[in-house]
Amino acid sequence: MSDLAALEQRAQAELAACGDEAALRAWHTKYFGKSGEVLQALKGVGAIPADQKRSYGQEANRIKQALTHAYEARLADAKQQALDRSLTAEMLDVTLPGRPMARGRLHVATKIMREITGIFADLGFQVYRSREVEDDLTNFELLNMPPHHPARDMWDTFHTTTPGVILRTHTSPGQIHVMRELCPEPIRVILPGMCYRYEQITTRSEIQFQQVEGLCVGESVAMTDLKGTIIAFARRLFGQERQVRFRSSYFPFTEPSIEVDIDWPKDDPNADRLTKGTGWLEIMGAGMVHPVVLRNGGYDPEQFSGFAFGMGTQRITMLKYAIDDIRQFWANDLRFLGQF
Ligand code: DAH
């Protein structure tokens with residue numbers, strides 16, 4: 001009996017000294033495992049003189065119950081403490097506002113493209129998609145630039161390993177495709193898309209850039225139609241108060257050819273630098289479609305006439321938003337792209 005009392009005391013003392021769940025479990029194995037001391041003590045009843053067996057057995061069972069209860073209480077305690085600790089240490093403030101999801105947006109080039117196509121849609125122009133990989137014939141020759149025409153110097157070209165197959169240097173070859181497809185119907189289309197030039201990359205020129213070409217062909221299309229269309233477009237994009245100026249120019253595929261400027265707000269602090277002191281900014285080239293080009297598209301220049309224009313949309317966007325470096329467009333820098 002005194003052994004039992006000593007066992008209980010020792011077990012309780014060791015239980016009290018257990019610091020965590022792992023220690024508690026070790027304690028449990030020591031006393032309640034297969035050869036644990038409590039079970040051994042219970043088995044020990046066989047060696048007890050008969051007259052003491054009963055009280056020994058009762059005492060051993062009482063100790064077993066008491067230790068089991070004490071153990072379970074300590075274990076529950078240890079679990080609660082571990083939970084409390086993790087709740088304070090890894091505190092989660094559910095009242096904090098959530099992290100905002102970064103929302104995607106359209107690229108500024110796409111936005112401007114949509115704005116431009118939207119304006120021309122209102123003017124009755126449809127969008128015609130044309131290929132980016134062209135042949136020399138369509139990019140140059142059919143646009144009235146034979147192989148050794150000096151005007152070719154205006155376009156530095158990317159050639160492929162297949163002779164005569166190039167990346168288009170402008171959207172103008174699309175004029176040939178659309179005329180050949182629609183002839184002899186009248187045409188009013190814009191041709192947006194990527195163009196490529198083998199050039200030094202600077203703040204003002206890239207090797208790839210977008211253009212929007214326009215083409216209108218019919219039986220009595222005149223220069224006044226071109227001017228009206230361009231004025232309406234420029235004022236929708238840059239503001240109703242804009243003045244539009246037409247200068248005579250030269251392109252092989254138009255005759256006569258013009259270049260189009262808009263006046264720049266004088267109160268813009270950048271006005272002088274942008275316009276080089278003239279007050280005017282160039283936005284596109286244009287003209288009446290050259291008879292040779294009309295004929296190459298299948299239209300008889302005696303019966304049909306047309307106007308065409310072409311603009312670089314990155315340049316237009318740079319003007320509209322005072323962007324000073326064209327390389328920003330394809331650099332994928334979110335600090336730039338996030339501003340639009
Ligand atoms: N293709 C010319 C260029 O890339 C732009 C252009 C000028 C297009 C006059 C036209 C036009 O249709 O009539 O520089």
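As the structure lists them, so they are numbered: ligands from 1, and atoms in each ligand from 1. Small disclaimer: the values here were computed from a predicted structure and weren't measured.
- Not one N or O of Gly285 is nearer than 3.5 Å to an N or O of ligand 1, by distance alone.
- Those atoms of ligand 1 that come under 4.0 Å of a heavy atom in Ala308, given as number and element, are 12 (O), 13 (O).
- Under a 4.0 Å criterion applied to the non-hydrogen atoms of Gly287, ligand 1 contributes the atoms 13 (O).
- For Lys111 and Phe340, the positive end is not near the middle of the six-membered ring at less than 6.0 Å and at most 45° from its axis.
- Ligand 1 places these atoms under 4.0 Å from at least one heavy atom of Arg197: 3 (C), 4 (O), 14 (O).
- Near Gln175, meaning under 4.0 Å from one of its heavy atoms, ligand 1 places the atoms 12 (O).
- Hydrophobic clustering (side-chain heavy atoms under 4.5 Å, transitive across Ile, Leu, Val, Met, Phe, Trp, Tyr) keeps Ile283 apart from Phe209.
- From the protein, the heavy atom lying nearest to atom 12 (O) of ligand 1 is Glu213 OE2, 2.6 Å.
- Under 4.0 Å from ligand 1, not a single heavy atom of Glu255 appears.
- No donor-acceptor pair under 3.5 Å is formed between the side chain of Thr162 and the backbone N or O of Val165.
- Atoms of ligand 1 lying under 4.0 Å from at least one heavy atom of Phe251, given by number and element, are 7 (C), 9 (C).
- Annotation for ligand 1: atoms under 4.0 Å from non-hydrogen atoms of Trp155 are 3 (C), 4 (O), 14 (O).
- Contacts between Phe307 and ligand 1, counted as non-hydrogen atom pairs separated by less than 4.0 Å, are absent for every part of the residue.
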Quick one: side chains of residues 177-185, donor-acceptor pairs under 3.5 Å with protein atoms, not counting sequence neighbours, listed by atom name and distance.
| unit_1 | atom_1 | unit_2 | atom_2 | d |
| --- | --- | --- | --- | --- |
| His177 | NE2 | Glu134 | OE2 | 2.7 |
| Arg180 | NE | Asn296 | O | 2.9 |
| Arg180 | NH2 | Asn296 | O | 3.1 |
| Glu181 | OE1 | Tyr128 | OH | 2.6 |

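- Not a single heavy atom of Met284 sits closer than 4.0 Å to an atom of ligand 1.
- The backbone N or O of Pro252 lies less than 3.5 Å from a partner atom in the side chain of Asn144, making a donor-acceptor pair.
- Aromatic pair Tyr321/Phe336: centroids not less than 6.0 angstrom apart.
- In this structure, Thr29 contributes its side chain and Arg25 its backbone to a donor-acceptor pair below 3.5 Å.
- Leu39 is not listed as a side-chain neighbour of Phe32, based on a closest heavy-atom distance of 4.5 Å or more.
- In this structure, Gln211 is part of the shell of residues with a heavy atom less than 4.0 angstrom from ligand 1.
- The part of Ser172 lying near ligand 1 is the side chain, judged by heavy-atom distances below 4.0 Å.
- Atoms of ligand 1 found under 4.0 Å from any heavy atom of Thr254, numbered from 1 in the order shown, are 13 (O).
- Counting heavy atoms from C-beta on, the side chains of Val133 and Arg168 never come closer than 4.5 Å.
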